[in-house]
Amino acid sequence: MCGIVGYLGTGQAYPILIKGLKRLEYRGYDSAGVALVNQGSVDIHKCKGKVSDLEDHLNGVIPEGTLGIGHTRWATHGPPNDINAHPHASGNGDLAMIHNGIIENYATIKETLENRGHVFVSDTDTEVLIHLIEDIQSKTSVDLFEAVRLALAEVVGAYAIVVIDKKNPDRMIAAKKSSPLVIGVGSDGDYYIGSDATPIVEYTKNVVYMEDEEVALIDRNTGLKIVTIQNKEKVPYIQELEIQLETLEKGGYDYFMHKEIYEQPRSIIDCFRGRMNVQQGTIRMSGIDDHAEKWINARRVIIVACGTSWHAGLVAEYLFEDIARLPVEVEYASEFRYRNPIIYEDDIVVAISQSGETADTLAAIEMAKEHGAHIFGVCNVVGSTISRTTHSGAYTHAGPEIGVASTKAFTAQVTVLTLMALSVAQKRGTISDARLHRLIAELNSIPDKVEEVLKTNDQVEYISDIYKNAGNALYLGRGSSFPVALEGALKLKEISYIHAEGYPAAEMKHGPIALIDEEMPVFVIATQGQSYEKVVSNIQEVKARKGKIIAIVTEGDKTVKAMADHSIEIPKTDESLVPLVSVIPFQLLSFHIAVMRGCNVDQPRNLAKSVTVE
Ligand code: G6P
């Protein structure tokens with residue numbers, strides 16, 4: 001979390017920084033700030049709130065300078081206020097720094113520095129680090145580049161930082177460990193820095209993804225130089241960006257989330273394009289094909305993920321066990337890594353992450369690697385840390401997802417995981433040719449079916465209006481619809497702030513049923529399939545307690561429709577692919593309720609899209 005930008009070049013920095021911060025705001029929006037070097041001074045402007053609040057705070061003043069840094073914060077150390085906002089300055093006011101990450105040993109460093117006369121104004125770990133850099137400079141008279149390197153050698157924790165010095169308008173220093181950092185190399189000697197490539201893409205497609213424990217010196221005269229914390233010089237590896245600028249704009253929609261929900265027919269196609277041959281009934285995924293033996297001989301699959309990605313993992317558990325007959329465990333990355341789990345060399349660990357930067361998922365990967373397991377990454381962001389850390393993987397190709405609540409990334413993850421399960425099943429001989437052909441053809445028809453479900457938008461909006469003031473909501477599903485119930489509940493609570501719980505429908509009677517009264521909306525996935533009759537009984541149980549039933553049913557359904565207060569029909573598909581279509585009404589529902597309640601749909605309170613702290 002926290003987004004950082006930097007610019008050194010021939011143009012004015014401020015417009016580039018502000019635009020970049022708006023692109024990165026999904027990473028946190030507790031405060032925003034910029035610092036620009038101009039005529040021998042470093043001007044810092046910062047305040048609590050969003051980037052637009054910073055613009056208001058500047059009240060029409062446009063800070064000048066061709067070297068600058070900017071930050072949008074997701075608070076960790078110290079409450080979100082003006083003082084804790086970044087950039088932070090050194091004690092003498094010469095240096096300014098932005099930081100994404102956590103300096104774990106900041107308290108010890110702070111105490112030592114206080115004993116040496118340093119005075120701190122904020123509660124942040126970042127201010128401690130910039131004072132440490134200043135202290136090293138004053139003690140040793142090394143230049144700033146070297147002082148940053150030496151300071152970072154003393155630091156425990158995660159960081160992506162950029163430092164500028166009012167005495168040197170020709171240089172900025174950047175470094176990273178665990179938090180992401182990308183440097184854009186413009187054709188005209190301009191350099192850009194971003195937590196991801198989105199603030200950079202409209203200026204240049206040439207980028208360097210910094211590796212952990214690297215420190216970069218960007219100098220107007222000598223260009224880009226990278227060394228490791230151990231002072232070993234590295235040759236910067238310049239790659240070409242693939243993202244298109246239009247994908248970062250709202251494109252006629254009022255909210256990114258709305259746009260992203262509607263992009264799903266396209267993003268699902270992008271996800272299986274080139275991987276699936278419907279006529280031949282084959283799947284080609286190099287990440288699996290190149291390691292076929294590992295998958296054929298795997299003892300089990302362990303899926304690690306957080307948030308919505310974890311829900312996609314739960315859907316995959318049903319797919320892999322049913323189709324590929326491989327035992328699967330799905331773990332919250334944060335729990336898995338601290339549990340001293342048993343991991344075998346013939347296990348395959350699948351890490352699912354939209355951003356490819358989630359700290360807990362990364363840490364779980366590192367641990368599994370130490371045990372010798374094969375690590376497979378399912379990421380959306382190309383070039384992200386997880387995609388580079390894993391042994392093999394498959395991108396979801398959903399395109400940039402900006403709304404904090406994940407929508408198209410979820411359906412793309414489920415699509416990739418379905419392809420993976422089919423490919424592995426084929427290799428392990430656990431699926432008949434007929435079933436494989438059928439499932440591939442069915443998967444191919446999913447984008448059209450999602451398009452159909454999107455047509456229920458007006459009906460979902462009508463239902464949203466009825467339940468928008470609910471205090472609680474229950475989501476129920478069985479089989480692979482259970483993770484969809486979890487995802488539906490998560491969507492509602494994260495953007496509408498209505499308490500919601502997802503439950504396996506049959507488990508309802510072991511607790512949640514006590515909550516049901518005439519005020520309680522109960523959203524049930526009651527599509528045709530092996531547990532349809534059981535779900536019908538669960539619905540009866542809710543009705544007997546006067547709960548309100550909003551059911552997602554297969555088109556043509558009569559039984560549930562007769563019982564439910566409202567029902568939303570979705571097209572029939574193979575039972576194992578239902579999650580790809582049944583999740584759509586839940587996405588629309590939480591979107592409409594959030595809009596009706598006046599919530600900030602794209603930037604819900606307290607959340608961030610990319611969680612780079614543990
Ligand atoms: C945050 C986001 C969620 C996301 C989760 C995991 O909580 O708000 O939308 O599902 O992180 O993120 P990842 O990038 O690893 O999928």
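As the structure lists them, so they are numbered: ligands from 1, and atoms in each ligand from 1. These figures come from a predicted structure and were not determined experimentally.
A ring-ring contact (aromatic ring centres under 6.0 Å, His included) check over residues 588-610, counting only residues at least two apart or in different chains, returns the pairs Tyr255-Phe591, His258-Phe591. Applying the salt bridge (charged side-chain N to carboxylate O under 4.0 Å, His left out) test to every pair with at least one member in residues 402-424, sequence neighbours left out, gives these pairs: Glu263-Lys408.
Remark: Asp212 pairs with Lys176, Lys177, Ser178 by the side chain to side chain contact (heavy atoms under 4.5 Å, CB included) rule, at least two apart or across chains.
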Table of N or O contacts for ligand 1, cutoff 3.5 Å:
from     : atom 1 : to     : atom 2 : distance (Å)
ligand 1 : 8 (O)  : Ala608 : O      : 3.1
ligand 1 : 9 (O)  : Val404 : O      : 3.3
ligand 1 : 10 (O) : Thr308 : N      : 2.9
ligand 1 : 12 (O) : Thr358 : OG1    : 3.3
ligand 1 : 14 (O) : Ser353 : OG     : 3.3
ligand 1 : 14 (O) : Gln354 : N      : 3.4
ligand 1 : 14 (O) : Ser355 : N      : 2.7
ligand 1 : 14 (O) : Ser355 : OG     : 2.6
ligand 1 : 14 (O) : Thr358 : OG1    : 3.4
ligand 1 : 15 (O) : Ser353 : OG     : 2.6
ligand 1 : 15 (O) : Thr358 : OG1    : 2.4
ligand 1 : 16 (O) : Ser309 : OG     : 2.6
ligand 1 : 16 (O) : Gln354 : N      : 2.7

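Within a 6.0 Å radius of CZ in Arg339, more than 12 heavy atoms belonging to other residues, nucleotides or ligands are found.
Note on ring orientation: taking the six-membered ring where Trp is involved, the planes of Tyr467 and Phe523 are perpendicular (angle over 60°, cut-offs 30° and 60°).
Among Arg299, Lys294, Arg300, the one residue that satisfies the side chain to side chain donor-acceptor pair (under 3.5 Å) test with Asp347 is Arg300.
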